[in-house]
K.L.:
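Sharing a structure here in structure tokens format.
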Amino acid sequence: MTPEQFETEGRGDAWVQEGRLMVRPQGQTYSPNYPKQPTPKAGDRVVGRPNGQGVECNTNDCWRLQPQPVSGYTVLRLLDVSASLCLTAVDGGAISPSNLTVDVCATTSAPTQEFVTTNHTAATAVATAASPTAASTAGTAAAIKHVPSGHCVTAADASCPDCPAALQPCSQSLVARQVWLFGASGRLCATSYNSLCLHADAHWPAWWQMKRP
């Protein structure tokens, strides 16, 4: 094992400091789920997955809503990654349903990354096909609408965790899958269908999948 490998894995100061391997006389727990998930990269799909839990947001499912006041849309940036990756509509969202990925955040206006939503943190809302981002007085859950296509981010069916989230026409018949809560941790989770959250589907490097003696 090399310092570079441990740094790539994000093992932290207990393993590597200033390029040097650290002595760990008492050992330290390490697994594919600890201390952090593999790092997402541009092109990774966005899926529905159970809440990653915790407030450190090292589980590839925490987002920052970045409103663009002049343009009237919002960019959703994935937190806790070295590169700036944003929610992106595949094929510009023109095809329905259209898959979602994370891609490098554009420095100027990019139609594939233009969404409209609110800082929605409560439990219930009223959303309709005519007004998919409407919030009730009892709460601020809301839809996430892709501006150029007019389609809404839609959770996969309850029986299908790890299936891709998609853009589909905003519809009253799909409202249970198109209304989201934006939690204090930064996670965007559906209000129904097992409360699956938007998650960048990153994978461990190929060498990690190899069988060990």
Side-chain angles (χ1 to χ4, degrees), residues 39-49 57 60-122 125-135 139-156 163-191 196-202:
T39 302
K41 63 184 182 303
D44 283 343
R45 65 180 188 164
V46 174
V47 301
R49 191 168 293 175
C57 284
N60 301 338
D61 59 357
C62 296
W63 305 81
R64 175 175 295 155
L65 277 59
Q66 299 183 167
Q68 312 294 310
V70 175
S71 303
Y73 64 85
T74 299
V75 172
L76 281 74
R77 186 171 71 81
L78 189 65
L79 294 179
D80 197 46
V81 294
S82 56
S84 293
L85 299 176
C86 289
L87 185 67
T88 303
V90 176
D91 298 321
I95 299 174
S96 179
S98 178
N99 287 342
L100 294 162
T101 65
V102 289
D103 206 346
V104 177
C105 299
T107 55
T108 59
S109 176
T112 56
Q113 295 177 352
E114 295 176 4
F115 294 85
V116 61
T117 189
T118 61
N119 190 356
H120 31 280
T121 56
V126 175
T128 67
S131 184
T133 58
T140 51
I144 305 169
K145 185 176 181 180
H146 180 238
V147 176
S149 69
H151 293 167
C152 288
V153 176
T154 307
C163 282
L167 287 176
Q168 296 197 47
C170 302
S171 167
Q172 190 64 29
S173 64
L174 293 174
V175 68
R177 297 165 57 190
Q178 293 180 338
V179 181
W180 301 81
L181 292 172
F182 183 55
S185 65
R187 294 180 174 91
L188 279 162
C189 303
T191 59
L196 298 179
C197 305
L198 295 180
H199 184 110
D201 190 24

K.L.:
Which atoms form the tightest heavy-atom contact between G93 and S98, and what is the distance?
P.N.:
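In this case the closest contact between G93 and S98 is CA-OG, 3.7 Å.
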
K.L.:
Would you compute the distance between atom CG of L174 and atom SG of C152 and round it to the nearest 0.5 angstrom?
P.N.:
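Interatomic distance, L174 CG to C152 SG, rounded to 0.5 Å: 9.0 Å.
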
K.L.:
Looking at Q178 and K145, would you say the former's side chain and the latter's main chain have a donor-acceptor pair under 3.5 Å?
P.N.:
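No, because the side chain of Q178 does not come within donor-acceptor range (under 3.5 Å) of the backbone of K145.
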
K.L.:
Do R77 and Q66 touch side chain to side chain, with heavy atoms closer than 4.5 Å?
P.N.:
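In short, these two side chains touch, coming nearer than 4.5 Å.
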
K.L.:
Which value, rounded to the nearest 0.5 Å, describes the distance between D61 atom CG and C189 atom SG?
P.N.:
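Spacing of CG (D61) from SG (C189) equals 7.0 Å.
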
K.L.:
Between P164 and A156, which heavy-atom pair has the shortest distance, and what is it?
P.N.:
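So the two residues come closest at O-CB, 4.1 Å.
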
K.L.:
Any idea which heavy atoms bring A110 and E114 closest together, and the distance?
P.N.:
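What the structure gives for the nearest pair is O-CG, 3.2 Å.
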
K.L.:
Hey, does D103 have a side-chain heavy atom less than 4.5 Å from the side chain of L85?
P.N.:
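In short, these two side chains do not touch, never coming nearer than 4.5 Å.
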
K.L.:
Any side-chain heavy atom of L198 sitting closer than 4.5 Å to one from W180?
P.N.:
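With C-beta onward as the side chain, the pair touches.
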
K.L.:
Check A89 against L167 and note the closest heavy-atom contact, atom names and distance.
P.N.:
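Answer, listing the atom of A89 first, then L167: CB-CD1, 3.6 Å.
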
K.L.:
When you compare the side chain of I144 with that of L188, does any pair of heavy atoms fall below 4.5 Å?
P.N.:
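Yes, close enough: below the 4.5 Å cut-off.
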
K.L.:
Between L100 and V153, is there a side-chain heavy-atom distance shorter than 4.5 Å?
P.N.:
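When only atoms from C-beta onward are counted, L100 and V153 do touch, with a gap below 4.5 Å.
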
K.L.:
Of the non-hydrogen atoms in G43 and T101, which two are nearest, and what is the gap between them?
P.N.:
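For G43 versus T101, the nearest heavy atoms are O-CG2, 3.9 Å.
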
K.L.:
Say you draw a straight line from CG of N99 to CG of D91; how long is it, rounded to the nearest 0.5 Å?
P.N.:
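N99 CG to D91 CG: 8.5 Å, rounded to 0.5 Å.
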
K.L.:
Quick check: do L87 and F115 have side-chain heavy atoms less than 4.5 Å from each other?
P.N.:
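They are in side-chain contact.
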
K.L.:
Mind checking whether W63 and V102 have side chains closer than 4.5 Å, heavy atoms only?
P.N.:
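Side chain of W63 against side chain of V102, heavy atoms only: contact under 4.5 Å found.
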
K.L.:
Is the backbone of C86 close enough, under 3.5 Å, to the side chain of T88 for a donor and an acceptor to pair up by distance?
P.N.:
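Yes, the answer is positive, given that a donor and an acceptor are paired below the 3.5 Å cut-off.
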
K.L.:
Please say which of R49, R187, R45 ends up in a side-chain hydrogen bond (donor to acceptor under 3.5 Å, both in side chains) with H199.
P.N.:
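Answer to the side-chain hydrogen bond (donor to acceptor under 3.5 Å, both in side chains) test with H199 among R49, R187, R45: R49.
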
K.L.:
Could you please spell out the steps behind the side-chain contact (heavy atoms from CB on, under 4.5 Å) verdict for L65 and F182?
P.N.:
CA-CA 9 Å; L65 277 59; F182 183 55; 3.5 Å; yes

K.L.:
Where is the tightest heavy-atom contact between A176 and T191, given as atom of each residue plus distance?
P.N.:
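Here A176 and T191 meet closest at O-OG1, 4.2 Å.
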
K.L.:
Quick one about S96 and Q168 (side-chain donor to acceptor, distance below 3.5 Å, no hydrogens or angles considered), yes or no?
P.N.:
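Note: Q168 and S96 side chains miss the donor-acceptor criterion.
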
K.L.:
Looking at Y73, is its backbone amide N or carbonyl O close enough to the side chain of S71 to form a donor-acceptor pair, meaning the two atoms are under 3.5 Å apart?
P.N.:
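Such a contact is absent between S71 side chain and Y73 backbone.
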
